Engineer: 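Shown below is the structure under consideration.
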2 protein chains.
Amino acid sequence: MMKTRVFIVDDHFMVIEGIKSLLQNEAEIEWTGHATNAESCMAFLKREQPDLILMDISLPEKSGIELCKEVHSKYPAIRIIGLSTFNQRSYIEKMMENGASGYLLKNVGKEEILKGIETVMQHKKYFSHEAALTIRSNPNKELPILTRREKEVLELIAAGLTNQEIADKLFISYTTVDTHRKNLLQKFEAKNVAVLINLATKNGLL
Amino acid sequence: MMKTRVFIVDDHFMVIEGIKSLLQNEAEIEWTGHATNAESCMAFLKREQPDLILMDISLPEKSGIELCKEVHSKYPAIRIIGLSTFNQRSYIEKMMENGASGYLLKNVGKEEILKGIETVMQHKKYFSHEAALTIRSNPNKELPILTRREKEVLELIAAGLTNQEIADKLFISYTTVDTHRKNLLQKFEAKNVAVLINLATKNGLL
DNA sequence: TAAAAAATCCTGTTTTTACAGGAGAAAAAT
DNA sequence: ATTTTTCTCCTGTAAAAACAGGATTTTTTA
């Protein structure tokens, strides 16, 4: 059996050290190195390509989601497993959309990491227990899909602009902004702007 | 020189493993164990008391901030260092108010962990580099201090209740709620409720 | 116990949202 | 090329929030 060559990208050194320590005595795993940001990850990949990357989702500067997309398009053979503390549907979905093959929450133990690596290397998808529950259990509480304009308006609302101010800024009519606002409230099933902003920030849209 | 007996509470097993791995060959450090939640931490302390606890701030069920308060009041001799991914003034301050002696961000390396432990054991306070910058640099952007009632009203606003509904719920007048709302906007320097909720969620108040 | 802070209540006015119900034009997807 | 989605605009009304400027009574804290 071939050894799986593993690389890790995470801005938390202690997480890198933890996973390294957990995997160092595993026969099927070969540790190829680590990076603490997107840039040094890409630099490494120019010289050497691992079989699999464990990739933290929240990195400084360029996010794990963007990095995932970039790595996946330039090196489609490399399998990627998302890594995060956040057990949120939106994050998991974004990673998978951008080419990840699996998702591990950072509270997992050695077994789940190994199982994840093994499963993903067999061209199958893998989610750690809790993450799997999240994507299955509440398909009702799905995040609404916003249009480009709606996102734009949402951000300006959060910034404190009134409908009139938003209208002036976007060179559209006051009534158009009102319509977008109406649609935002409807999509989020929010009674008013307080709930809207609350939901939006908690789902990482702001 | 006495060895420092270190205990760690963190719900992420890989972080525990990482710190353990980093500290295991250090002569001045004695590893006494770990817990992944507040309950098992308290259970451990009943049997044995370490010199220092590295305590994650975001734990399931009871938060690190509450646990910190509890440990500090029951075992005042134990030194506590807060541990977190979040470099936010509010979190750092809350931990320090509740009896912590230092604060480490999870992106630190071995040196800062050791320096932190050493410093705190000498009855001094310690903040990791980036955390120290945060508490020093922007004393202007301080979080407003809310009263009990204001917090209550803030939460109900975020839940989508109108002034009248909040008034009914709290058995106070509509005008009182309006005053609290006014004061909240003033304290946060927010133009309207959208900005208020945005700031409040981003600062962990909601 | 005196001073400070917090919580309560009030009258008004203006501005902004929220809600209802359409509808045409431009872009995008099939 | 046609359907669907998105973006745009409109009229009108009711409800709620924001703003101004007080004032009294409880609680806390020094």
Side-chain angles (χ1 to χ4, degrees), chain A residues 90 93 97-98 142-201 203 205-206, chain B residues 69 73 90 93-94 96-99 142-203 205-206:
Chain A
S90 56
E93 277 173 357
E97 277 166 21
N98 285 315
E142 269 180 69
L143 255 197
I145 294 150
L146 303 184
T147 67
R148 209 176 307 159
R149 207 50 152 176
E150 281 166 353
K151 278 179 200 161
E152 213 168 348
V153 171
L154 175 59
E155 268 168 34
L156 295 173
I157 290 172
L161 279 70
T162 66
N163 285 345
Q164 190 55 62
E165 288 168 338
I166 295 170
D168 293 344
K169 188 154 218 169
L170 300 181
F171 302 107
I172 53 177
S173 159
Y174 163 86
T175 60
T176 305
V177 179
D178 191 56
T179 304
H180 286 311
R181 189 183 207 113
K182 207 193 300 178
N183 293 334
L184 281 166
L185 291 175
Q186 204 171 45
K187 283 191 177 181
F188 278 91
E189 294 174 63
K191 209 190 144 202
N192 55 36
V193 86
V195 179
L196 174 69
I197 301 296
N198 202 201
L199 287 171
T201 50
N203 287 98
L205 276 98
L206 287 172
Chain B
K69 194 174 184 176
S73 70
S90 56
E93 277 173 357
K94 273 184 196 153
M96 300 310 286
E97 277 166 23
N98 284 316
E142 270 181 67
L143 254 197
I145 294 151
L146 303 184
T147 68
R148 209 176 307 159
R149 207 48 154 176
E150 282 166 350
K151 278 179 199 163
E152 213 168 348
V153 171
L154 176 60
E155 267 168 36
L156 295 173
I157 290 172
L161 280 70
T162 65
N163 285 345
Q164 189 55 63
E165 288 168 337
I166 294 171
D168 293 345
K169 189 153 217 167
L170 300 181
F171 303 107
I172 53 178
S173 158
Y174 163 87
T175 60
T176 305
V177 179
D178 192 57
T179 305
H180 286 311
R181 188 182 209 112
K182 211 191 301 180
N183 292 335
L184 280 166
L185 292 176
Q186 204 171 47
K187 283 190 177 182
F188 279 91
E189 294 176 63
K191 208 192 144 202
N192 54 35
V193 88
V195 179
L196 173 69
I197 301 296
N198 201 200
L199 287 172
T201 50
K202 295 223 166 130
N203 286 299
L205 276 98
L206 288 172

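Since this is a predicted model, take the numbers as computed values, not measurements. Letters go in sequence order (proteins before strands), and every chain restarts at 1.
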Engineer: On the side chain of Thr179(A), is there an atom forming a donor-acceptor pair with the base of dC7(D) - under 3.5 Å, no angle test?
Structural biologist: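 Side chain to base: no pair below 3.5 Å.
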Engineer: Give one of base, sugar-phosphate or nothing for Ser173(A), where a contact means two heavy atoms less than 4.0 Å apart.
Structural biologist: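 Sugar-phosphate: the residue Ser173(A), judged by heavy atoms under 4.0 Å, touches backbone atoms but no base.
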Engineer: Rounded to whole Å, how long is the line connecting atom CD1 of Ile145(B) with atom P of dA7(C)?
Structural biologist: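 The answer, rounded to whole Å, is 13 Å.
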Engineer: Can you identify which nucleotide, out of dC10(C), dA18(C), dA17(D), has its nearest atom closest to the Asn163(B) side chain?
Structural biologist: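 Nearest to the side-chain atoms of Asn163(B), counting from C-beta on, is dA17(D).
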Engineer: I want to confirm an ordering. Mapping Arg148(A) and Arg148(B) to their closest nucleotides on DNA chain D, which one lands closer to the 5' end?
Structural biologist: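 Result: Arg148(A).
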Engineer: Looking for any heavy atom pair under 4.0 Å, which part of the strands does Lys182(A) touch: base, sugar-phosphate only, or nothing?
Structural biologist: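 Base contact.
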Engineer: In this structure, how many angstroms lie between the C1' atom of dC10(D) and the OH atom of Tyr174(A), rounded?
Structural biologist: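 Atom-to-atom, Tyr174(A) to dC10(D), this comes out as 12 Å.
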Engineer: In terms of side-chain heavy atoms of His180(B), which of dT11(C), dT8(C), dA18(D) is nearest?
Structural biologist: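 Comparing dT11(C), dT8(C), dA18(D) against the side chain of His180(B), the answer is dT8(C).
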Engineer: With rounding to the nearest 0.5 Å, note down the distance linking CD1 in Ile157(A) to CD1 in Ile197(B).
Structural biologist: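 Atom-to-atom, Ile157(A):CD1 and Ile197(B):CD1 are 13.5 Å apart.
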Engineer: Using side-chain heavy atoms (C-beta onward) and a distance below 4.5 Å, is Arg149(A) in contact with Ile172(A)?
Structural biologist: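 Counting from C-beta outward, Arg149(A) and Ile172(A) do come under 4.5 Å.
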Engineer: How do Gln164(B) and Phe171(A) order along DNA chain D: which one's closest nucleotide is nearer the 5' end?
Structural biologist: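 Residue closer to the 5' terminus by nearest nucleotide: Phe171(A).
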Engineer: Starting at atom CG of Leu154(A), determine the distance to atom C1' of dC7(D), rounded to an integer number of angstrom.
Structural biologist: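 Taking atom C1' of dC7(D) as the reference, CG of Leu154(A) is at 17 Å.
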Engineer: Rounded to whole Å, how long is the line connecting atom CZ of Arg149(A) with atom P of dA26(C)?
Structural biologist: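 In whole Å, dA26(C) P lies 15 Å from Arg149(A) CZ.
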Engineer: To the nearest Å, give me how far apart CD (Glu150(B)) and P (dA5(C)) are.
Structural biologist: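 Result: 13 Å.
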Engineer: Tell me what Thr162(A) touches on the nucleic acid: a base, only sugar-phosphate, or nothing, going by heavy atoms under 4.0 Å.
Structural biologist: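 If one applies the 4.0 Å heavy-atom cut-off, Thr162(A) turns out to touch the sugar-phosphate alone, with no base involved.
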Engineer: Whole Å only: how far is the CG atom of Leu156(A) from the C1' atom of dT16(C)?
Structural biologist: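 Taking atom C1' of dT16(C) as the reference, CG of Leu156(A) is at 16 Å.
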Engineer: Tell me: CZ of Arg181(A) to P of dA16(D), nearest whole Å?
Structural biologist: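 Spelled out: CZ on Arg181(A) to P on dA16(D) is 15 Å.
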Engineer: Take atom CG of Asn183(B) and atom P of dT8(C), then tell me their distance rounded to the nearest Å.
Structural biologist: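 One finds 12 Å between P of dT8(C) and CG of Asn183(B), rounded.
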Engineer: Using a 4.0 Å heavy-atom cut-off across all strands, classify Asp178(A) as base, sugar-phosphate, or nothing.
Structural biologist: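 The residue Asp178(A) makes base contact.
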Engineer: Quick one: do Lys191(A) and Glu165(B) make a salt bridge, cutoff under 4.0 Å?
Structural biologist: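 Looking at Lys191(A) and Glu165(B), the cut-off is met.
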Engineer: Identify which nucleotide among dC10(C), dA18(D), dC7(D) has an atom closest to any side-chain atom of Thr147(A), counting heavy atoms from C-beta outward.
Structural biologist: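 Looking only at heavy atoms from C-beta outward on Thr147(A), the closest nucleotide is dC7(D).
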Engineer: Quick one: do Lys187(A) and Glu150(A) make a salt bridge, cutoff under 4.0 Å?
Structural biologist: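 Yes, this pair counts.
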Engineer: Would you mind telling me which residue lines up with the more 5' stretch of DNA chain C, Asn192(B) or Ile172(B), judged by nearest nucleotide?
Structural biologist: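 Nearer the 5' end of the strand: Ile172(B).
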Engineer: Could you give the distance from CG (Leu170(A)) to CG (Asp168(A)), rounded to the nearest 0.5 Å?
Structural biologist: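 Output value for this atom pair is 9.5 Å.
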